[in-house]
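Note on naming: letters A, B, ... go to the chains in the order of the sequence lines (proteins, then strands), and numbering restarts at 1 for each one.
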Amino acid sequence: MHTLEPLAHPPENEAELLAQAQRLAGLTLGELALRVGLTPPADLKRDKGWIGVLLELWLGASAGSKPEQDFAAIGIELKTIPIDSLGRPLETTFVCVAPLTGNTGVIWETSHVRHKLKRVLWIPVEGERAIPVAERRVGSPLLWSPDREEEEQLRRDWEELMDLIVLGQVERITARHGEVLQLRPKAANSKALTEAFGAHGEPILTLPRGFYLKKNFTAALLARHFMM
DNA sequence: ACTTGATCATGG
DNA sequence: CCATGATCAAGT
């Protein structure tokens, strides 16, 4: 039987998406790449988003750069997450860029972070560099929404970070701020600058920042799934 | 060993 | 430049 093929269209509901994701569990990236005519890179140094794009293809997400959820019609965001042999995340997870201007009156309830994380399809993928990319296996998917405690953690961190941004302290924020959500550079390089406000309200140029989920947060949500 | 800050590719 | 997809690798 060879009913294994990419979804040609965006999934119409969660069940269809989850079913397709479950079909991919256990397969290698090399197998998935071969079936869609892609060639796995030797490493990810110059192809950091390759796995994400490959899984998007298989799950019927529209590739490319759109400021929307991957499956906008059913309100789901796709995140591949590299894990070690024990199922623990190897990297933080990018959520979205942080707005450095125009933030007066912005609140958690309508924030991009909350919207992005409202419902996420997590797909763990073996990520240890000792494993050739083509041989890395896809894990079991997890369709997740933050529970009350997780949302409160996220909200607290988001509010702390946004307060600092609004107060013109963006350049004093380090990745150590926040328990589960951190703010770090998100740019092509250290020379790509964007506008923000300084401590005295004056315009400044600074690195674009992104919100990232710390590993303790994603490790916990994956572990909870793994045990059930 | 681990995290933080820096970086890579692509499309619009 | 900004958005998407993230991982790299120097420093602690």
Side-chain angles (χ1 to χ4, degrees), chain A residues 6 10 21 29 32-33 36 38-72 76-86 88-103 111-113 115-117 120-134 136 138-139 157 161 164 170-196 203-219:
Chain A
L29 299 179
L32 295 179
V36 295
L38 296 184
T39 303
D43 59 58
L44 299 179
K45 286 181 185 175
R46 311 195 77 84
D47 296 272
K48 297 183 179 183
W50 187 83
I51 296 174
V53 172
L54 176 66
L55 271 296
E56 283 184 349
L57 255 172
W58 273 90
L59 296 172
S62 40
S65 58
K66 294 187 306 306
E68 281 194 332
Q69 289 162 314
D70 296 286
F71 306 100
I76 297 177
E77 173 74 11
L78 173 67
K79 289 292 180 193
T80 61
I81 182 165
I83 55 167
D84 66 15
S85 60
L86 297 176
R88 298 172 305 196
L90 288 165
E91 294 289 347
T92 57
T93 301
F94 173 70
V95 180
C96 61
V97 296
L100 302 184
T101 59
N103 283 318
S111 68
H112 291 303
V113 172
H115 184 246
K116 281 271 186 178
L117 298 180
V120 178
L121 180 65
W122 296 97
I123 302 196
V125 177
E126 289 180 330
E128 286 165 328
R129 294 187 210 179
I131 310 173
V133 174
R136 297 183 191 177
V138 177
D157 286 350
L161 293 166
L164 289 168
V170 62
E171 295 195 310
R172 295 182 58 173
I173 299 174
T174 76
R176 298 163 188 81
H177 285 85
E179 293 178 25
V180 299
L181 190 71
Q182 62 184 179
L183 196 77
R184 308 212 315 269
K186 166 67 172 171
N189 54 62
S190 59
K191 293 168 187 64
L193 301 177
T194 192
E195 194 166 289
I204 61 172
L205 288 177
T206 192
L207 288 171
R209 306 303 212 281
F211 288 109
Y212 295 79
L213 296 176
K214 292 188 174 183
K215 289 196 282 185
N216 60 346
F217 185 82
T218 49

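Nucleic acid contact for A:R176: sugar-phosphate only, since backbone atoms but no base atoms lie under 4.0 Å from a heavy atom of the residue. Contact annotation for A:T93: no contact, since no heavy-atom pair falls under 4.0 Å across all strands. Nucleic acid contact for A:E77: sugar-phosphate only, since backbone atoms but no base atoms lie under 4.0 Å from a heavy atom of the residue. Across all strands, A:K186 comes closer than 4.0 Å to base atoms (heavy-atom distances).
Listed candidates were C:dG5, B:dT7, C:dC2. Nearest to the side chain of A:E56 is C:dG5. In this structure, the nucleotide among B:dT4, B:dA6, C:dG5 sitting nearest to the side chain of A:L207 is B:dA6. The side chain of A:Y212 lies closest to C:dA6 when the candidates are B:dT7, B:dT4, C:dA6. Closest to the side chain of A:A175, from the set B:dA6, C:dT7, B:dT4, is B:dT4. Looking at the side chain of A:R184, the nearest of the listed nucleotides C:dA6, C:dC8, B:dG5 is B:dG5.
At least one side-chain heavy atom of A:P89 sits less than 4.5 Å from a side-chain heavy atom of A:I81. Counting heavy atoms from C-beta outward, A:H177 and A:L183 have side chains that stay 4.5 Å or more apart. The side-chain heavy atoms of A:R129 and A:D43, taken from C-beta on, include no pair separated by under 4.5 Å. Counting only heavy atoms from C-beta outward, the side chains of A:S85 and A:E128 approach each other to under 4.5 Å. Within the 4.5 Å cutoff, the side chain of A:P124 has heavy atoms near those of the A:I83 side chain.
Phosphate proximity of C:dC1 to A:K191: absent, as no side-chain N or O sits under 4.0 Å from OP1 or OP2. The side chain of A:K214 places no N or O atom within less than 4.0 Å of a non-bridging phosphate oxygen (OP1 or OP2) of B:dT3. Note on A:T194: a side-chain N or O is less than 4.0 Å away from OP1 or OP2 of C:dC2. Close to C:dA6, at under 4.0 Å from its OP1 or OP2, lies no side-chain N or O of A:T92. Regarding contacts with the backbone of C:dG5, every side-chain N or O of A:T80 stays at 4.0 angstrom or more from both OP1 and OP2.
Rounded to whole Å, the distance from CZ on A:R209 to C1' on C:dA6 is 18 Å.
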Test log, rule side chain to side chain contact (heavy atoms under 4.5 Å, CB included), inputs A:T80 and A:V138 | CA-CA 9 Å; A:T80 61; A:V138 177; over 6 Å; no
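Every residue meeting the salt bridge (Lys or Arg N to Asp or Glu O under 4.0 Å) condition with A:D84, not counting sequence neighbours, appears here in chain and number order: A:R88. Applying the salt bridge (Lys or Arg N to Asp or Glu O under 4.0 Å) rule to A:K79 yields the partners A:E77; only residues at least two apart in sequence or on another chain are considered. Here A:D157 pairs with A:E160, A:E179, A:V180, A:L181 under the side-chain contact (heavy atoms from CB on, under 4.5 Å) rule; sequence neighbours left out.
Every pair passing side chain to side chain donor-acceptor pair (under 3.5 Å) that includes a residue from residues 207-219 of chain A is listed here, sequence neighbours excluded: A:T206-A:R209.
Nearest-nucleotide positions on DNA chain B for A:N189 and A:E91 put A:E91 closer to the 5' end.
The end-to-end axis angle of the helix from B:dA1-C:dT12 to B:dG12-C:dC1, rounded to 10 degrees and based on five pairs per end, is 30°.
Contacts with DNA chain C (heavy atom under 4.0 Å) in residues 43-51 of chain A: A:L44, A:K45, A:K48, A:G49, listed by number.
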